[in-house]
Colleague: 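Supplied in structure tokens, the structure appears directly below.
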Amino acid sequence: MLRSAVTRAKEWVATTFNGNYRAAFDHFDTDRDGKLTGNDVAVMLAAIRVGNLITRHGLAQMVISRLDTDGDGYLSWAEFEAALTQQGN
């Protein structure tokens with residue numbers, strides 16, 4: 001699931017933000033604190049059409065748990081960028 005979500009996110013960023021990952025991150029970081037919460041990630045998943053109203057928040061928490069390398073419970077810009085630019089995703 002994570003790999004397909006990352007692929008969809010890359011495609012969405014390419015078409016919506018001309019490939020500008022920072023602009024996409026800032027779009028979902030609604031409170032401008034430099035990190036994406038579970039709610040922010042759920043909104044992103046809705047934008048890229050992953051999951052549904054019932055499953056999206058659980059999927060958002062799973063995405064965060066898999067990509068949150070510093071263990072703070074959020075996705076930072078660095079973690080977001082790494083997930084979208086790593087080879088093999």
Side-chain angles (χ1 to χ4, degrees):
M1 191 305 288
L2 183 60
R3 182 167 284 157
S4 68
V6 169
T7 299
R8 282 186 175 196
K10 286 179 178 183
E11 292 167 355
W12 187 82
V13 171
T15 53
T16 307
F17 293 99
N18 294 322
N20 185 333
Y21 294 131
R22 185 62 200 219
F25 180 87
D26 290 343
H27 175 79
F28 293 111
D29 181 18
T30 56
D31 62 2
R32 304 291 182 245
D33 64 354
K35 54 191 173 188
L36 300 181
T37 66
N39 285 336
D40 296 333
V41 174
V43 170
M44 181 180 67
L45 292 174
I48 65 172
R49 298 188 174 137
V50 171
N52 60 47
L53 188 59
I54 295 169
T55 63
R56 208 164 279 133
H57 284 280
L59 292 172
Q61 290 306 316
M62 187 273 302
V63 167
I64 289 172
S65 72
R66 299 271 307 273
L67 300 179
D68 176 23
T69 58
D70 66 8
D72 67 355
Y74 303 96
L75 286 186
S76 67
W77 159 241
E79 293 162 338
F80 181 85
E81 181 184 38
L84 294 178
T85 59
Q86 282 181 342
Q87 295 295 333
N89 281 340

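Everything numeric here is computed off the predicted structure, so don't read it as measured data.
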Colleague: Working to the nearest 0.5 Å, report the span between CG of Leu45 and CG of Asn52.
Modeller: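 It is 11.0 Å, given to the nearest 0.5 Å.
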Colleague: Restricting to side-chain hydrogen bond (donor to acceptor under 3.5 Å, both in side chains), what partner residues turn up for Arg8, sequence neighbours left out?
Modeller: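 Testing Arg8 for side-chain hydrogen bond (donor to acceptor under 3.5 Å, both in side chains), a comparison that skips the adjacent residues, returns none.
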Colleague: Would you give the length of the straight line joining atom CG of Leu75 to atom CZ of Arg66, rounded to the nearest 0.5 angstrom?
Modeller: 12.5 Å
Colleague: Give, for atom OG1 of Thr15 and atom NZ of Lys10, the distance between the pair rounded to the nearest 0.5 Å.
Modeller: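 Between atom OG1 of Thr15 and atom NZ of Lys10 there are 14.0 Å.
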Colleague: Can you list the residues that meet the side-chain contact (heavy atoms from CB on, under 4.5 Å) rule with Thr69, with sequence neighbours excluded?
Modeller: Glu79
Colleague: Mind checking the OG1-CD spacing from Thr37 to Gln61? Nearest 0.5 Å is all I need.
Modeller: 8.5 Å
Colleague: Can you sort out the partners of Asn18 under side-chain contact (heavy atoms from CB on, under 4.5 Å), two or more places apart, ordered by chain and number?
Modeller: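 side-chain contact (heavy atoms from CB on, under 4.5 Å) check on Asn18 returns nothing, list empty.
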Colleague: I need the full list of ring pair (Phe, Tyr, Trp, His ring centres under 6.0 Å) pairs touching residues 52-81, with sequence neighbours left out, sorted by first then second residue.
Modeller: Phe25-Trp77, Phe25-Phe80
Colleague: Could you state the interatomic distance from CZ (Arg56) to CE (Met44), rounded to the nearest 0.5 Å?
Modeller: 11.5 Å
Colleague: Pairs in or reaching into residues 24-48: which pass salt bridge (Lys or Arg N to Asp or Glu O under 4.0 Å), with residues at least two apart or in two chains?
Modeller: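 Every pair satisfying salt bridge (Lys or Arg N to Asp or Glu O under 4.0 Å) with a residue in residues 24-48: Arg22-Asp26.
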Colleague: For Trp12, what residues pass the ring pair (Phe, Tyr, Trp, His ring centres under 6.0 Å) criterion, not counting sequence neighbours?
Modeller: Phe17, Phe28
Colleague: Once you round to the nearest 0.5 Å, how far does CG of Asn20 lie from NE2 of His27?
Modeller: 12.5 Å
